[in-house]
Amino acid sequence: MTTTTDVDLVQTGLAHLIHHTRKQIESLTKALDHLPDVSELQLKGTLLKTYASQIEGHHHFVELPDYQGHPLSIKLDIKKSIIENPRIIFIVITKANAVKRPFNKTWRWPRLNYTSN
């Protein structure tokens, strides 16, 4: 008959917790990789605001020149006005930056003091 001590229970619990936490970090890292490129969104939102007065009607997409003069296709929400579309883009940028911000710093495991008094 095997007797499980308190130390064994704590070690098993901590091992499970560490494994679970690592899986969560892997999952969050994969999710971060799928966030939109905010610099491209920033460009699209700025171009839409700049050219808003020249765009008439509701379109599924619009093609505008970027800063180098190359055409850039921008998908639009036809249910929204041309002014509302860049506003939505900037909201997405704000949310993406808020999600990425905590991960920009180098993250380290916290130090735990296992010494007893």
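Residue numbers count from 1 along this sequence.
- Interatomic distance, CD1 of I88 versus NZ of K80, reported as 4.5 Å (0.5 Å rounding).
- Residues I89 and L41 come closest through the heavy atom pair CG2-O, 3.3 Å.
- For S81, the side chain to side chain contact (heavy atoms under 4.5 Å, CB included) partners at least two apart in sequence or on another chain are I83, E84.
- The side chain to side chain contact (heavy atoms under 4.5 Å, CB included) check on S53 picks up nothing, with sequence neighbours excluded.
- In this structure, F90 and G45 approach most closely via the heavy-atom pair CZ-C, 3.5 Å.
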Is there a side-chain contact (heavy atoms from CB on, under 4.5 Å) between T12 and H16 once you walk through the steps? CA-CA 6 Å; T12 303; H16 174 75; 5.8 Å; no
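- Residues satisfying the salt bridge (charged side-chain N to carboxylate O under 4.0 Å, His left out) test with E40, not counting sequence neighbours, are K44.
- Within a 6.0 Å radius of OH in Y67, more than 12 heavy atoms belonging to other residues, nucleotides or ligands are found.
- Under the 4.5 Å side-chain heavy-atom criterion for grouping Ile, Leu, Val, Met, Phe, Trp and Tyr, L43 is connected to V92 within one hydrophobic cluster.
- Listed by chain and number, the residues in a side chain to side chain contact (heavy atoms under 4.5 Å, CB included) with K23 are H19, E26 (sequence neighbours excluded).
- Looking at residues two or more places apart in sequence or on another chain, you find a side chain to side chain donor-acceptor pair (under 3.5 Å) between D8 and T5.
- Note that CG of N85 is 12.0 Å distant from NZ of K79, once rounded to the nearest 0.5 Å.
- Under the salt bridge (charged side-chain N to carboxylate O under 4.0 Å, His left out) criterion, no residue pair touches residues 53-76, with sequence neighbours excluded.
- Note that OG1 of T21 and CD1 of I25 are 6.5 Å apart. Values are rounded to the nearest 0.5 Å.
- Not counting sequence neighbours, the partners of H20 by the side chain to side chain donor-acceptor pair (under 3.5 Å) test are Q24.
- Looking at residues two or more places apart in sequence or on another chain, you find a side chain to side chain contact (heavy atoms under 4.5 Å, CB included) between I55 and L48, Y51, H59, V62, L64, I82.
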